[in-house]
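Just so we're clear, the structure is a prediction, and the values are computed from it rather than from any experiment. The sequence lines fix the lettering, A, B, ..., with proteins before strands; numbering per chain opens at 1.
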2 protein chains.
Amino acid sequence: MKIKKEVTIYDLAKELNYSPSTISRALNNHKSISKKTVKLIKEAAEEMGYRPNNLAAGLRSNKSNTIGVLISRINRPFVSSLISGIENTARKAGYNVLISQSNDKYQSEINNSNALYDSRISGLIVSLSMETIDMGHFEKFMENGIPIVFVDRVPSNFNSYKVVIDNYTAGYSATKHLIEQGCKRIAHFAGAKHRNVYLERKKGYLDALREHGLPIEDKLVVNFKTLSFDEGTKATEKLLKMTNPPDGIFAANDTTGVSAIMCAKKLGVKVPDQLAVIGFNDDPISSIVQPSLSTVSHPASKMGAISAKRILEHSAQSYDADLSEITVLGTEIIARGSSLRTVKS
Amino acid sequence: MKIKKEVTIYDLAKELNYSPSTISRALNNHKSISKKTVKLIKEAAEEMGYRPNNLAAGLRSNKSNTIGVLISRINRPFVSSLISGIENTARKAGYNVLISQSNDKYQSEINNSNALYDSRISGLIVSLSMETIDMGHFEKFMENGIPIVFVDRVPSNFNSYKVVIDNYTAGYSATKHLIEQGCKRIAHFAGAKHRNVYLERKKGYLDALREHGLPIEDKLVVNFKTLSFDEGTKATEKLLKMTNPPDGIFAANDTTGVSAIMCAKKLGVKVPDQLAVIGFNDDPISSIVQPSLSTVSHPASKMGAISAKRILEHSAQSYDADLSEITVLGTEIIARGSSLRTVKS
DNA sequence: ATAGTTAACGGAATCGATTGCGTAAATTAA
DNA sequence: TTAATTTACGCAATCGATTCCGTTAACTAT
């Protein structure tokens with residue numbers, strides 16, 4: 001296989017009897033080059049198969065036009081939609097997207113953040129790993145003026161762009177919804193305490209109970225490690241076999257919400273009449289399970305688009321931007337069969 | 001915000017009284033630098049916060065250590081698992097992953113392939129868009145020695161690495177499975193004819209019917225445009241309202257398979273006894289729907305890992321590699337409630 | 001007609017690594 | 001002890017753009 005030599009602006013310069021500077025300017029629509037020349041050069045570039053070298057351009061101009069994404073794992077509905085939103089808006093602006101998954105491991109997050117840094121990304125979009133507490137590995141980005149947008153799973157002790165939903169209100173509303181359906185003893189499937197999303201959903205749950213005069217029982221709050229299906233099944237079994245089982249569950253994600261429904265059905269517990277369930281995220285499985293799982297909408301793609309836009313805006317302006325801008329998106333309760341009771345008990 | 005000047009190998013050279021070449025070699029574990037010096041330099045680099053500049057290194061060495069991925073859309077279970085597999089193996093080898101989604105549009109695929117090319121990726125992994133027929137936009141990669149791995153949705157008229165499953169056998173086995181369950185009139189939900197995956201599944205379906213002496217009816221083969229849930233629902237409705245409805249459906253993906261189950265239930269058609277259904281992919285929804293959807297396993301993550309490995313191997317060897325290597329992975333029929341009949345009719 | 005602008009382009013340094021070639025010192029072989 | 005290697009590094013070109021400063025010619029204003 002013969003490997004062709006690539007066409008550079010020097011080749012174009014020689015061919016057209018212009019200097020490389022003029023070629024470069026023409027290709028970038030610099031105003032000091034006449035329209036005629038620009039047209040001529042662009043046509044020749046096209047014809048000769050010229051393709052810019054981003055490595056060279058990035059090295060010199062110190063702009064890679066690349067957004068780095070640091071997430072836990074890609075193959076989950078929320079995350080893949082998030083990335084889809086990022087990629088679509090980045091692409092429209094001519095930016096590339098570099099991805100890396102930490103698999104929820106702290107050390108991987110550090111390594112990956114370094115790898116992305118080494119590629120001199122224009123900005124970083126991060127959803128923290130489950131384990132991450134220390135933020136030291138993000139400081140070099142700030143020091144070098146590379147904007148970071150934390151999305152969904154954000155830190156509380158680090159000042160930077162953030163794009164989140166109102167997890168507290170969502171948790172409150174989800175719980176309130178169950179209360180309105182007549183639930184008196186509502187359990188909660190909670191995630192890692194140090195991750196804002198789970199902490200706030202739990203706070204919303206607790207406050208909703210309090211404000212509606214319902215008792216808070218420690219035994220009804222299950223702390224999950226990974227919020228997996230199996231973990232959800234076990235927790236549900238344990239709850240339903242209590243002498244005084246709950247009549248409602250607010251699960252911090254849809255996976256465990258669905259597991260609760262399926263487990264309850266297997267145990268002969270009627271959903272929603274004996275046990276009402278609401279999840280979180282609006283994953284595809286939530287509308288497939290029978291009865292379909294009530295849930296909280298999570299604008300994943302939109303959050304991705306906004307995050308990317310923050311980076312693009314930041315790159316566009318040379319002056320010092322306000323790095324502490326926080327975007328809070330609203331959510332909606334999606335009431336489905338798993339919680340809508342015909343006769344309220 | 002003060003922006004720090006980045007530390008380069010020149011800074012290290014000055015600080016340690018070595019030449020930049022020695023610094024570079026030491027950092028890359030070049031054998032001609034003594035162990036002592038390597039250790040000294042690496043420690044100083046660490047301490048001074050040195051981070052390599054991939055743009056500079058890539059420009060000079062003509063290796064970006066980056067894999068480009070070109071897929072239709074990320075937020076689908078198969079694709080996100082595929083990318084997850086790619087990313088994990090690429091990362092282990094110190095490679096970055098650039099992603100781009102065509103949204104199944106031909107022109108976007110062209111634009112994205114150019115964008116990836118401009119970043120001088122070390123290799124490209126492609127799952128073709130629904131629309132793509134012409135392969136011209138991939139030629140410049142071949143001409144410049146950049147390996148392409150086509151995965152899942154591959155071209156028939158382009159010679160390059162390919163990683164696929166045996167769609168024909170999978171289609172044959174899925175259909176045979178329905179036949180073994182007693183189905184006599186089996187419908188097929190088929191995808192775009194020019195995409196290998198759908199074409200071959202259909203071929204397998206047709207041959208299975210033929211070899212088992214079942215008639216082939218045009219009306220039972222539904223050609224889908226996007227294989228979406230709504231499309232599946234409509235098709236199922238139409239089929240079930242025929243005077244002589246099918247007693248089995250082999251759907252080319254799980255989404256339409258699930259839609260068939262749900263539609264049948266709504267119309268009062270018993271699954272699997274009156275209508276047995278099998279899908280394709282083993283998406284999460286397939287094990288959630290009731291009855292759970294029989295399907296064909298699709299080793300998405302493994303295919304991603306293998307694809308990435310092809311690129312890594314190709315980059316490692318300087319000699320001309322055999323570009324036409326095709327990897328065919330096996331699949332398994334996952335028999336679940338939607339097709340397993342207690343009493344075979 | 002002359003000075004002052006503007007338009008259109010060229011020269012050359014620069015970004016931060018990598019690497020072929022050269023060389024002095026240290027080590028080994030004979 | 002001397003020649004032959006080997007070890008451990010330095011020099012300087014190079015990758016392919018971008019961009020700060022000119023410079024020339026055409027044009028405009030007075």
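Protein atom CG of A:Asp118 is 16 Å distant from nucleotide atom C1' of C:dC15, rounded to whole Å. Atoms CD1 (B:Ile33) and P (C:dT18) sit 12 Å apart, rounded to a whole Å. Between A:Asn53 atom CG and C:dA17 atom C1' the separation is 14 Å, expressed in whole Å. Atom CD1 of B:Ile9 is separated from atom P of D:dA12 by 16 Å (rounded to the nearest Å). Going from atom CG of A:Asn62 over to atom P of C:dC15 covers 10 Å, rounded to whole Å. Protein atom NZ of B:Lys35 is 12 Å distant from nucleotide atom P of D:dC9, rounded to whole Å. Distance CD1 (B:Ile23) to P (C:dA17): 11 Å, rounded to an integer number of Å.
Residue A:Tyr18 places at least one side-chain N or O closer than 4.0 Å to OP1 or OP2 of C:dC9. Distances shown here put a side-chain N or O of B:Asn28 below 4.0 Å from the OP1 or OP2 atom of C:dT18. Here B:Thr37 reaches the OP1 or OP2 of D:dC9: one of its side-chain N or O atoms lies under 4.0 Å away. In this model, the phosphate group of C:dG10 is approached by a side-chain N or O of A:Thr22 to a distance below 4.0 Å at OP1 or OP2. Within the 4.0 Å cut-off from OP1 or OP2 of D:dT18, at least one side-chain nitrogen or oxygen of A:Ser24 is found. In this structure, A:Ser34 reaches the C:dC9 phosphate: one of its side-chain N or O atoms is under 4.0 Å from OP1 or OP2.
Checking each of A:Ile86, A:Asp104, A:Leu82, A:Ile99 against A:Ile71 for a side chain to side chain contact (heavy atoms under 4.5 Å, CB included) leaves exactly one that passes, namely A:Leu82.
As judged by a 4.0 angstrom heavy-atom cut-off over every strand, B:Thr8 is placed among residues touching the sugar-phosphate backbone only. A:Asp11 comes within 4.0 angstrom of no nucleic acid atom, judged by non-hydrogen atoms across all strands. Note on B:Tyr10: a base of the nucleic acid sits closer than 4.0 angstrom, heavy atoms only.
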**Message:** For a side-chain contact (heavy atoms from CB on, under 4.5 Å) check, start with the C-alpha distance between B:Arg120 and A:Glu6, then their side-chain angles and the critical distance, and finish with the verdict.
**Reply:** CA-CA 11 Å; B:Arg120 297 301 185 268; A:Glu6 296 188 16; 2.9 Å; yes
**Message:** Show, in sequence, the C-alpha distance, side-chain angles and deciding distance for B:His137 and B:Tyr117, and conclude whether the ring pair (Phe, Tyr, Trp, His ring centres under 6.0 Å) test is met.
**Reply:** CA-CA 10 Å; B:His137 50 304; B:Tyr117 180 86; over 10 Å; no
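The side chain of A:Ser32 has C:dC9 as its nearest neighbour among D:dA8, C:dC9, D:dA17. Closest to the A:Ser19 side chain, of the nucleotides C:dA17, C:dC9, C:dG10, is C:dG10. Closest contact between the side chain of B:Ser61 and the listed nucleotides C:dT18, D:dA12, C:dG16 involves C:dT18.
Checked by atom type, the side-chain pair B:Asn112/B:Lys105 shows no donor-acceptor distance below 3.5 Å.
Taking 3.5 Å as the limit, the base of C:dG16 and the side chain of A:Arg120 contain no donor-acceptor pair of atoms between them. Between the base of C:dG20 and the side chain of B:Arg25 there is a donor-acceptor pair shorter than 3.5 Å.
A salt bridge is defined here as a Lys NZ or Arg NE, NH1 or NH2 lying under 4.0 Å from an Asp or Glu carboxylate O, and B:Glu43 with B:Lys39 meets this definition.
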